[in-house]
Amino acid sequence: MNDMPTLRDELGIWMAAGFRSALPELPADAVIAVAPTAQAGFGDYQCNAAMGLAKRLRKAPREVAQAALAAAGTHPAVAKAEIAGPGFINLTLDDAWLARRVEAAASDARLGTPRPGDGRTIVLDYSSPNVAKPMHIGHIRSTVIGNALDRLHRFLGYRVVADNHLGDWGTQFGLLIMGFRHFADTAAYEASPIEELERIYVKSYEQSKADPSWLDAAKAELVKLQAGDAENRRLWESFVEHSMREFDRIYARLGVTFDLVRGESWYNERLPGVVARLEKLGLARDSDGAVCVFSDGTLPPKDDPLMKQEDGEWKPAPCLVRKSDGAFNYATTDLATVLSRAEEFAPDAVIYVTDERQQLHFRQFFHVARALGVTTRLVHVWFGLMRLPEGTFSTRQGNVIKLERLLDEAEERALAIVKQTSPEMPEAVQREVARAVGLGAVKYADLSQNPQSLVTFTWDKALALEGNSAPYLQYACARIASVLDKYAEQFPGGSFAAAPVALGEAVERALALHLARFPEAVLDAAAACKPNVLADYLFSLSQLYSSFYQNVPFLKAPEGVRESRLRLCSAVAAALRAGLGLLGIETPARI
RNA sequence: GUACCUGUAGCUCAAUUGGACAGAGCACCAGACUACGGAUCUGGGGGUUGCAGGUUCAACUCCUGCCAGGUACGCCA
């Protein structure tokens with residue numbers, strides 16, 4: 001079962017063989033694949049290769065399609081293959097074959113999903129909040145998207161090293177230490193550390209604006225910290241520890257776990273070595289007292305991340321690796337980090353999940369990493385910033401919405417609905433359901449849209465409980481569980497676990513076909529690093545199911561048909577549970 | 001100024017990465033049988049895909065130029 005190719009791969013291989021046999025002159029790089037059809041009238045899958053190839057071979061597209069189809073011969077899955085329009089090959093699956101396919105998926109825990117990641121390792125760098133700052137609604141994207149990518153890759157067999165690369169080192173600590181010494185309220189710090197640290201930081205920051213000597217003192221504290229001063233080190237450790245405790249509380253709530261939590265500070269002692277290596281290789285040199293990596297001129301300027309155009313001229317856009325005061329930049333930390341990861345884990349890829357503002361940084365950093373000999377595939381998955389309807393938010397404007405408040409609000413809204421729709425449920429269960437539904441709604445709101453689109457936060461969108469939302473999918477699961485229970489009650493001793501699946505109704509067949517595509521959705525979502533591909537799939541599956549449920553009887557259907565439909569129901573539930581699980585969304589038995 | 005991103009139905013978003021008549025949800029209108037959960041289902045209206053060109057059998061998708069918004073562009077991360 002693990003080696004079962006996906007539906008589209010199986011058909012694609014068959015079509016490719018047909019094309020190659022009919023057209024021996026075909027270039028080796030020609031891509032021949034099939035894709036689901038856009039419309040039901042065109043069958044189930046279509047192959048569009050004939051049109052493109054005909055052009056290259058200077059032949060008539062329909063003739064190419066005809067020849068390929070003839071050479072391909074028959075395929076047990078395909079009941080009908082016909083040529084349409086300028087040269088589309090439309091394939092309609094055989095009902096019985098599709099039924100067998102669904103039966104196989106239904107009895108497989110992975111629903112027929114292959115494990116292309118077996119033997120491969122990826123390092124996934126996500127969430128990465130800054131110490132001493134509260135997690136706000138902007139952090140949910142990196143955390144939730146990163147976590148979904150983690151789960152997706154693990155499911156596909158990859159060994160995933162999820163690393164929370166905390167912002168625990170940098171210039172803000174000088175201001176924090178100064179602020180802590182002068183303004184700290186220890187009771188408040190113990191009770192709500194991050195809130196107090198944030199207050200201290202803002203106050204210290206304002207002070208530094210008004211009083212240059214304050215800023216100098218803060219810088220001195222930072223230098224002391226970096227030099228290993230015991231007292232400052234103790235304070236810093238306390239900041240990190242207290243912050244981490246709050247972060248952990250949120251991660252626990254979100255169901256997010258990491259394999260490593262290595263903040264920037266973890267790489268400290270490696271930084272001088274990185275700069276020395278860059279200098280030794282002639283990649284970096286002194287510039288205005290700072291150490292910078294400049295372009296080596298091997299790339300055309302427009303493709304060179306270390307060049308930029310200004311007033312019609314190409315000018316250097318260097319990557320700073322050491323400031324003129326001797327401190328290191330985050331590019332240096334990222335370089336040290338990737339070198340360390342490459343050495344320790346020998347990954348096939350390192351994936352970074354951050355917001356859109358860091359695109360240039362990552363282009364430069366990847367470029368320099370390559371110059372340092374890093375051959376690992378480096379991927380920057382960026383997502384659009386979250387905004388409020390009135391514009392961007394920032395700590396200084398005081399319009400941040402804390403992540404915990406969002407989660408609280410989500411659970412409250414869900415609870416109100418649960419109490420209304422399931423008054424008979426014990427309150428403890430209602431709360432548990434509300435938790436799963438509320439959190440699911442928040443996560444789904446983010447995961448169901450393209451990560452790269454910009455997001456305007458609104459409460460109603462983040463907490464939607466109907467239509468294209470997590471509760472819609474959870475509701476479908478709950479209804480299936482309910483039907484299966486009723487079956488057990490009404491037909492004691494009955495079993496559908498091994499019942500043959502028959503696809504009588506049109507909606508039933510459509511549901512089965514969609515179910516058979518589960519592996520394709522998972523593979524695509526992981527390959528593109530877009531959880532919304534899977535979310536889309538799951539929503540469509542639920543829609544088909546809801547329609548099936550509403551329009552076709554199960555328990556009142558004749559014996560045989562009844563078991564077939566229940567088996568289909570149960571397979572849909574399995575797909576929804578597995579798919580939502582990959583998105584980090586729970587599926588309570590009752591909602 | 002330069003680069004990157006975004007612009008699709010009143011609103012929020014999709015569109016299998018160049019495929020056939022651009023699809024969902026929300027909102028709006030009209031309906032749903034003593035079967036299994038109405039957080040549901042069935043049907044309806046709603047579009048010059050920001051604008052203008054170009055490439056080709058085929059463009060929301062690629063190229064060029066504009067318009068609007070966002071982000072970044074040497075010592076913050």
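We use all heavy atoms of the structure for the numbers below, so side chains are in, but hydrogens, waters and symmetry mates are not. The sequence lines fix the lettering, A, B, ..., with proteins before strands; numbering per chain opens at 1. In this text, all values refer to a predicted model and were calculated from it rather than measured experimentally.
Ionic pairing of R56(A) and D29(A) is present here: one or more N-O contacts between side-chain nitrogen and carboxylate oxygen are shorter than 4.0 angstrom. With respect to D163(A) and R262(A), no salt bridge is recorded, no charged nitrogen being found less than 4.0 Å from a carboxylate O. E432(A) has a carboxylate O that lies under 4.0 Å from a charged side-chain N of R435(A), or vice versa, which qualifies the two as a salt bridge. Salt bridge K308(A)/E310(A): present, at least one basic N to carboxylate O contact under 4.0 Å.
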Item to complete: List the protein contact pattern of nucleotides 20-33 of chain B with one symbol per nucleotide (5' to 3'): B for base contact, S for sugar-phosphate-only contact, - for none; contact means a heavy-atom distance under 4.0 Å.
Response: BB--SSSS------
Item to complete: Take nucleotides 60-69 of chain B nucleotide by nucleotide from the 5' end and write B, S or -, depending on whether a protein heavy atom sits under 4.0 Å from the base, only from the sugar-phosphate, or from neither.
Response: ----------
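Of the side-chain N and O atoms in K461(A), one or more sit less than 4.0 angstrom from OP1 or OP2 of C13(B). In this model, the phosphate group of C75(B) is not approached by any side-chain N or O of S324(A) to a distance below 4.0 Å at OP1 or OP2. Taking 4.0 angstrom as the limit, K486(A) places a side-chain polar atom (N or O) nearer than this to OP1 or OP2 of G37(B). A close approach under 4.0 Å does not occur between any side-chain nitrogen or oxygen of K308(A) and OP1 or OP2 of C4(B). OP1 and OP2 of A77(B) both lie 4.0 Å or more from every side-chain N or O belonging to Y330(A). For R363(A) and A72(B), the shortest distance from a side-chain N or O to OP1 or OP2 is not below 4.0 Å. The shortest distance between the side-chain N/O atoms of Y472(A) and the OP1/OP2 oxygens of C41(B) is below 4.0 Å.
Of the candidates Y267(A), W236(A), Y330(A), W169(A) forms a ring-ring contact (aromatic ring centres under 6.0 Å, His included) with just one, namely W236(A).
Distances were taken from every side-chain heavy atom of K323(A) (C-beta onward) to each of A39(B), C76(B), U56(B); the shortest belongs to C76(B). When the nucleotides A72(B), G38(B), G74(B) are ranked by their closest atom to the side chain of R357(A), A72(B) comes out on top. Distances from the side chain of Y475(A) to the nucleotides A14(B), G37(B), A77(B) place G37(B) closest.
Atom-to-atom, CE of M51(A) to P of A59(B) comes out at 12 Å; the value is rounded to the nearest Å. What separates CD of Q452(A) from P of A72(B) is a distance of 17 Å, to the nearest Å. Between the NE2 atom of H380(A) and the C1' atom of A77(B) there is a distance of 13 Å, rounded to whole Å.
Looking at heavy-atom distances under 4.0 Å, S547(A) makes contact with sugar-phosphate atoms alone, never a base. Nucleic acid contact class of V552(A) (heavy atoms, under 4.0 Å, all strands): base. Contacts of R8(A) with the nucleic acid, taken as non-hydrogen atoms under 4.0 Å apart, are absent. Counting any heavy atom pair closer than 4.0 Å across all strands shown, S287(A) reaches a base atom. Using a 4.0 Å heavy-atom distance criterion, D355(A) is classed as making no nucleic acid contact. The residue A478(A) sits close to a base: some heavy atom pair falls under 4.0 Å. No contact: V291(A) has no heavy atom under 4.0 Å from any strand.
Using modelled atom types, one finds a donor on one side chain and an acceptor on the other under 3.5 Å when comparing Y487(A) with E563(A).
Taking the centre and axis of the six-membered ring of Y549(A), the NZ or CZ atom of R479(A) falls inside the cone set by 45° and 6.0 Å.
No side-chain heavy atom of R322(A) sits under 4.5 Å from any side-chain heavy atom of T332(A).
Between F548(A) and F554(A), the angle of the ring planes lies from 30° to 60°, which puts this pair in the tilted group. Classification of the F365(A)-H361(A) ring pair by plane angle, with boundaries at 30° and 60°, yields parallel.
Nucleotide U49(B) is shown with an anti base, its glycosidic torsion being more than 90° from 0.
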